[in-house]
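Following: one structure in structure tokens, then a few remarks.
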Amino acid sequence: MRLIKILIYLLVFQSSAQQGGMWIPSLLQGMNEQEMNQLGSKLTAQDIYDVNNSSLKDAIAHFGGGCTSEVISPKGLLLTNHHCGYGEIQSHSTVENDYLQDGFWAKNLKEELPNEDLYVDFIVRIVEVTNSVLQGLTNTMTEQQKQALITKNSNAIEKAAPIEPWQNTKIKSFYKGNQYFLFVTERFEDVRLVGAPPSSIGKFGSDTDNWMFPRHTGDFSLFRIYADKNNRPAKYSKDNVPYRPKHFLPISLDGVAENDFTLVFGFPGRTNEYLPAVAIDQTVHTINPAAIGIRETSLAIVDKFMRSDQDIKIKYASKFASIANYWKKWIGENQGIEKSGAIAARKELEVRFTNLVKQKNLKAYSHLLPEFDRLYAEIKEVSLARTYWSEIGYRNNELLRACLFAYQLVNTYHSRGKEAFEKRLPSTLNRLDRIYKNYSAKVDMPVFEALVEKYISEVPSSYVPASYKNLNLSKTTKEVYASSAFTALEKMRALFEGSPKEIVDRISSDKGYLFAKDLHQMYYETINPAFQKTNLEIAGVQKTYMKALMELFPNERFFPDANSTLRVTYGQVKGYAPRDAVYYKAVSYLDGVMEKYKPGDYEFDVPQKLRDLYVAKDFGPYADINGKVPVCFLGTNHTTGGNSGSPAIDAHGNLIGLNFDRVWEGTMSDMNYDPEICRNIMVDARYILFIIDKYAGAKHLIDEMKLVHPKK
Ligand code: ARG
Ligand code: GLU
């Protein structure tokens, strides 16, 4: 009897350890540590996070506020994804030295390239501050009043926290505002580019393979952190020296096998795991289809131009990739929610919730689900309008985006005067310049016409500007693109000459600006206020609902939604079955790169040198026991955007891979993690080493790393 009990316990435990979760590194003791050990880890909670001694967390850095990176040598060598370093690699590239196309490898410290706007943040310590943040809150306050007090308290706590002069503090909300943590951080601002493979390796497979497995992308790049002579953060200086980290990750040469323990340590951006069914339904059936449809329209137009014009292809490659990235993600997310029956499952949970609330007579919770129904019905139309505005007025059309920046600047002039205008001007010009650096009015114009047409015909009428109704759009489009200055860099720049008043007057008589202004005004004066009002109420209900779930289901594991703070997620190396009778094995090999090879193709070309190494089987110590070079592998780690560049760590704390993507069928994990089908995709560390050593000949970089054999 007892044995059966233990067996059942183990079974439940094993499977629960596969249920995903993004955990706070300072709170791993107990349940997480046990689960990790069940999965094969030899690490203690303290090996991962420790305030008094160095630990794994000291090797992990938030990269430019978006991606993750990790230190892999005692000299501050930093590893992240190629797509995370893309902007920096691009910014050092010229027609003669195209590092995106050919790759870049600094031969010594002197050749490493500084990056003006790049920084990385380390976490020094994490402290719970819930009681102080919520001090003074009462039930009679409105959501607005509560939020204001929370902000006030947080600012005071951030200021009062004892820190060193070079450190910063930031408070973040967890469990929908039921818990708060203070983060003490250190920011290094001298981070230099060290190496990057050519895009034909670092971006191999491009958009066709994006979000897919089998995958064969060597999505990595190398940077180095520099510090001042005292090893402290400092602005760029030629006198700075390589940073000596508190910890760096050794790299395992022994590779991975199915079921090996994996831990991914990084900065996941945003998830929504505790939504009511009505919210998932709205995302899947209202918001996602609108956004997908808009992007489909614009991508189809841009794609046509890119295919017939080499110059446009280069200019639009990066924009196209970023629009296509979430277009494809949302399609996968919708299919996954549908296929896994996530909405029905969430409804079942809500039935159980309602029954428990009744049984226990918990009056404070009985209104929650009906409130969600009411509020999501209330927000539906305005939320849809907001999606159309952000996709059309901001993301997909550049004339409208340029005019948005101009609109914000003009408003600054009208509401806050000349000085505020002058203060804002340089950053506005900066953003505008970036738009026109890779711009073609020929491409932008048909996108404008098609998207504005969609806005007018698909957005609820009360959110369509009056001037857009009964419009001859094709005539207006021609007029706008014929006369507006927001169609070329020099013309746009000429608008901004002279005094603030002259600039404002000139902008305000531009035909393109006048058209865009009506749309942006509709957003700022009508759509956004209405959206925020209801959204704040939803946040209030969601906070109580989160608390109620945790109280009513005390045996379930609840992890806080991602919020761009440092998290640990763990699992195992595992393949998956995407559909009936198909099984994807966990590891892909260099053989697969050669299978996909299409000479001259912009997604699937393979550099000559790599083909030569393959034919000669010149793999050094980086092949597996069967003589094959692994390229990517899959795991059951629960990741999301922001986990790009996160290290995959083995049972002993060594680097085994570099996270860069998820599989398409599992992208719904942002709302509904399903251990059957959700997988993250990592580049195998041995492929990274192979490319650095054998392909790039950058042996000096390998020499500063610590390569280990934990399995021997
Ligand atoms: N899907 C990955 C992530 O969300 C990789 C994106 C790289 N971009 C691309 N279009 N291939 O960000
Ligand atoms: N590629 C994503 C990023 O840029 C990570 C993949 C994901 O969303 O899981 O962060």
Side-chain angles (χ1 to χ4, degrees), residues 20 22 60-70 79-87 89-90 100 196-197 199-213 215-221 262 264-273 295 299 302-303 306 313 316-333 336 395 561-567 569 571 596 602-604 632 634-648 657-674 677-683:
M22 305 167 165
I60 318 300
H62 208 177
F63 186 83
C67 285
T68 304
S69 56
E70 52 279 352
L79 178 65
T80 189
N81 288 142
H82 185 265
H83 80 261
C84 294
Y86 201 84
I89 305 166
Q90 183 175 42
L100 281 177
S199 294
S200 53
I201 291 173
K203 212 188 159 186
F204 183 74
S206 193
D207 292 306
T208 300
D209 271 11
N210 191 23
W211 301 112
M212 302 287 230
F213 207 73
R215 189 64 158 276
H216 299 89
T217 314
D219 195 344
F220 80 95
S221 59
T262 55
V264 172
F265 208 172
F267 292 85
R270 212 162 72 97
T271 59
N272 256 312
E273 308 286 350
R295 290 195 177 196
L299 286 169
V302 178
D303 184 65
M306 283 173 74
K313 202 197 92 186
Y316 277 76
S318 172
K319 289 180 209 173
F320 188 90
S322 97
I323 303 272
N325 191 33
Y326 262 63
W327 164 74
K328 196 165 177 181
K329 191 243 175 186
W330 290 321
I331 295 175
E333 180 171 273
R395 288 290 313 205
D561 269 318
N563 59 357
S564 293
T565 60
L566 185 61
R567 301 294 180 89
T569 166
K596 287 177 178 173
Y602 87 100
E603 296 189 296
F604 293 102
C632 293
L634 296 173
T636 58
N637 309 286
H638 188 176
T639 54
T640 188
N643 270 122
S644 275
S646 300
L658 179 64
N659 184 74
F660 72 102
D661 210 357
R662 274 174 290 169
V663 303
W664 206 42
E665 297 81 2
T667 48
M668 61 160 177
S669 64
D670 289 345
M671 290 186 279
N672 183 55
Y673 183 87
D674 180 344
I677 201 134
C678 294
R679 297 287 180 274
N680 67 314
I681 311 179
M682 296 152 278
V683 198

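Bear in mind the structure is a predicted one, so any value in this text is a computation, not a measurement. Indexing begins at 1, ligand by ligand and atom by atom, following the structure's order.
For the pair Ser322 and ligand 1, the shortest N or O to N or O distance does not fall below 3.5 Å. Ligand 1 has no N or O atom lying under 3.5 Å from any N or O atom of Lys203, backbone or side chain. Residue-to-ligand polar distances place Gly641 within reach of ligand 2: an N/O pair is separated by less than 3.5 Å. Note: an N/O pair closer than 3.5 Å links His83 and ligand 2 by distance alone.
The residue among Arg679, Arg662, Lys329 with a heavy atom at the shortest distance from atom 8 (O) of ligand 2 is Arg662. Of all the listed residues (Asn325, Thr640, Ile323), Asn325 holds the heavy atom that lies closest to atom 6 (C) of ligand 1.
For atom 2 (C) of ligand 1, the closest heavy atom belonging to the protein is Asp661 OD1, 3.2 Å. Of all protein heavy atoms, the one closest to atom 8 (N) of ligand 1 is Asn210 ND2, 4.2 Å. Scanning all protein heavy atoms for the shortest distance to atom 2 (C) of ligand 2 gives Ser644 OG, 2.8 Å. Nearest to atom 6 (C) of ligand 2 among the protein's heavy atoms is Asp661 CA, 3.5 Å. The protein heavy atom nearest to atom 10 (N) of ligand 1 is Asp207 OD1, 2.8 Å. For atom 7 (C) of ligand 1, the closest heavy atom belonging to the protein is His83 CG, 3.8 Å.
Contact annotation: Phe267 has no heavy atom less than 4.0 Å from any atom of ligand 2.
The aromatic rings of His216 and Phe204 sit perpendicular to each other, their planes meeting at more than 60°, with 30° as the lower class boundary.
Of all the heavy atoms of Thr667, none lies under 4.0 Å from any atom of ligand 2, so neither backbone nor side chain is involved. Using a 4.0 Å cut-off between heavy atoms, Phe660 contacts ligand 1 through its backbone alone, with no side-chain atom that close.
Here the rule is side chain to side chain contact (heavy atoms under 4.5 Å, CB included) with Asn680, and of Thr636, Asn637, Thr569 only Asn637 fits it.
Remark: side-chain polar atoms of Arg215 are paired, donor with acceptor, to backbone N or O of Asp209 under 3.5 angstrom. Not a single donor-acceptor pair under 3.5 Å links the side chain of Thr217 to the backbone N or O of Gly202. Within the 3.5 Å criterion, the main-chain N or O of Val663 finds no donor-acceptor partner in the side chain of Arg679. Remark: the backbone N or O of Trp664 is paired with a side-chain donor or acceptor of Thr667 at under 3.5 angstrom.
Counting atoms of ligand 2 from 1 in the listed order, those under 4.0 Å from a heavy atom of Trp211 are 7 (C), 8 (O). Against a heavy-atom cut-off of under 4.0 Å, Ala321 is close to the following atoms of ligand 1: 10 (N).
At a threshold of 4.5 Å between non-hydrogen side-chain atoms, the residues Ser644 and Phe63 do not count as touching. Residues Asn659 and Met682 are in side-chain contact: their nearest non-hydrogen atoms beyond the backbone lie under 4.5 Å apart. Looking at heavy atoms from C-beta onward, Thr640 lies in side-chain contact with Arg662 at the 4.5 angstrom threshold. For the pair Thr208/Phe604, a side-chain contact is recorded, criterion being any heavy-atom separation below 4.5 Å from C-beta on.
Across every non-hydrogen atom of His82 and Ser199, the tightest pair is CE1-OG, 3.7 Å.
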